[in-house]
Amino acid sequence: MSLITKPVQPEISSQPASKRLWRVPASKAAWLWLAFSVMLAGGIFVVYLRAIRMQQFPGPFYDPLRFFGIIAFTLVLLTAMYSLRRRFVRGLPGKAQNWLWMHTWVGIITILIVLLHSNFVHILNNYCRNLSCLTEAGAGTSAMIALGVLVLSGVSGRLLDSWQARSISYEASTNGVGIVRALEERILEMEYTVERLCAGKSEAFKAYCMQALDRARVLSGPLPSIGPHEQADFRRAHQTLSERARLVRSMKKQQRARAIIRAWRAIHIVIATLALLIITYHSLLELLANVLNVRFLQPFG
């Protein structure tokens, strides 16, 4: 009769040369998009400085500051393309990581261009005294605030995402197994090993192992009274249970990090949707009124 056994997998620590690095390589697109964003923002700032020196009343209703608003709205649509690339239109050229860097850097300079477009109204001068300023100029202030909240959410989320990604990478690189899916398979194998070791053993042996599978803190408590003929298998079971508890802790840390990332992304999508609606509303009103010269009926008063 032949006995079928599973091949024993070598420990990762015994082969340090083949150890996998659980992280995303750096992308050159990060520097390219940063350079593009800095040059664009710098050029617009130079034009802004010239405009405020030459114009008596520079503002969002007169060029070139009005044109800044058109550029900002175009950049908002460009950054929104990242979500389309990541979730819907995956056939677009370029890696998703490169699109993410575009989304990050272009999003940051967009709020700076919007501030120049408004000439810092309600920010450094002409402060809001009541909520009526939110609806003035086609809800321009509301659009600026919505974009500011969106950019702040994106930057803070990017930092949070990087922090949690490093946590996942650290756990995957140091636990000796890898990411969650590999951990789940390894933990299941260990549970099968403990069950096989429990077969035919005393009730104290079985009870201790079952309790340790449910509550890892049992392993740090007193050991049960085990007969001499079961000592070898008990040591093996205890070692397997201890290793399993370590891997479970690593898996829970990775799962918690992934849950935090997913929660932030869900919140960011809601903020992005609301902000895009407000910005689009303001942009369309300004386009019709100040570019196409479409005048709306004013209420009698």
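Nearest heavy atom pair, residue I187 against residue R244, reads CG2-NE, 3.9 Å. The nearest pair of heavy atoms linking N98 to A29 is OD1-CB, 3.2 Å. For the pair I279 and A143, the tightest heavy-atom approach, listed with the atom from each and the gap, is CG1-O, 3.8 Å.
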Report the C-alpha separation of K28 and W31 in whole Å, then their side-chain angles, then the decisive distance to 0.1 Å, and conclude whether the side chain to side chain contact (heavy atoms under 4.5 Å, CB included) test is met.
-> CA-CA 6 Å; K28 293 182 179 179; W31 299 106; 5.5 Å; no
Determine, stepwise, if the pair R256 / S167 fulfils side chain to side chain contact (heavy atoms under 4.5 Å, CB included).
-> CA-CA 10 Å; R256 181 169 60 250; S167 175; over 6 Å; no
Stepwise side chain to side chain contact (heavy atoms under 4.5 Å, CB included) test for T110 and V151 = CA-CA 9 Å; T110 300; V151 172; 5.7 Å; no
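Within the 3.5 Å criterion, the main-chain N or O of L152 finds a donor-acceptor partner in the side chain of S156. With N175 contributing its side chain and V177 its backbone, the two residues share a donor-acceptor pair below 3.5 Å. Side-chain atoms of Q55 come within 3.5 Å of backbone N or O of D63 as a donor-acceptor pair. Looking only at distances, a side-chain donor or acceptor of T79 sits under 3.5 Å from a matching main-chain atom of V76. With S173 contributing its side chain and Y170 its backbone, the two residues share no donor-acceptor pair below 3.5 Å. A donor-acceptor pair is defined here as one N or O able to donate and one able to accept, closer than 3.5 Å; no such pair exists between the side chain of W101 and the backbone of W33. At distances below 3.5 Å, at least one donor-acceptor pair connects side-chain atoms of Q254 with backbone N or O atoms of G178.
More than 12 heavy atoms of other residues, nucleotides or ligands lie within 6.0 Å of CZ in F120, so this atom counts as buried by the packing criterion. Atom NZ of K206 has more than 12 neighbouring heavy atoms from other residues, nucleotides or ligands inside a 6.0 Å radius. More than 12 heavy atoms of other residues, nucleotides or ligands sit less than 6.0 Å from atom CD of Q231.
Ring centroids of F68 and H117 are separated by 6.0 Å or more, keeping the two rings apart.
The hydrophobic cluster around L197 extends to none of the other residues, as no ILVMFWY side-chain heavy atom falls under 4.5 Å of it.
Side chains of T240 and R236: a donor-acceptor N/O pair is absent below 3.5 angstrom, by distance only. Between the side chains of T193 and R196, a donor-acceptor pair is found at a separation under 3.5 Å. Of the N and O atoms on the side chains of H268 and S153, at least one donor lies less than 3.5 Å from an acceptor on the other residue.
Classification of R181 and E184 as a salt-bridged pair fails, no side-chain N sitting under 4.0 Å from a carboxylate O.
Cation-pi geometry between R258 and W264 is not satisfied (NZ or CZ under 6.0 Å from the ring centre, within 45° of the ring normal).
Y82 and L160 fall into different hydrophobic clusters, where Ile, Leu, Val, Met, Phe, Trp and Tyr are joined by side-chain heavy atoms under 4.5 Å apart, directly or via other members. The cluster map of Ile, Leu, Val, Met, Phe, Trp and Tyr, joined by side-chain heavy atoms under 4.5 Å apart, puts I145 and V270 in different clusters.
Counting only heavy atoms from C-beta outward, the side chains of F73 and H282 never approach each other to under 4.5 Å. In this structure the side chain of M251 never reaches within 4.5 angstrom of the side chain of L247, judged on heavy atoms. Between L183 and S250, some side-chain heavy-atom pair lies under the 4.5 Å cut-off. Residues P224 and F205 have side chains not in contact (no heavy-atom distance under 4.5 Å, counting atoms from C-beta outward). Between L219 and Y208, the closest side-chain pair of non-hydrogen atoms falls below 4.5 Å.
Judged as a side-chain contact (heavy atoms from CB on, under 4.5 Å), and not counting sequence neighbours, the contacts of S118 are M144. Judged as a salt bridge (Lys or Arg N to Asp or Glu O under 4.0 Å), and not counting sequence neighbours, the contacts of K201 are D233.
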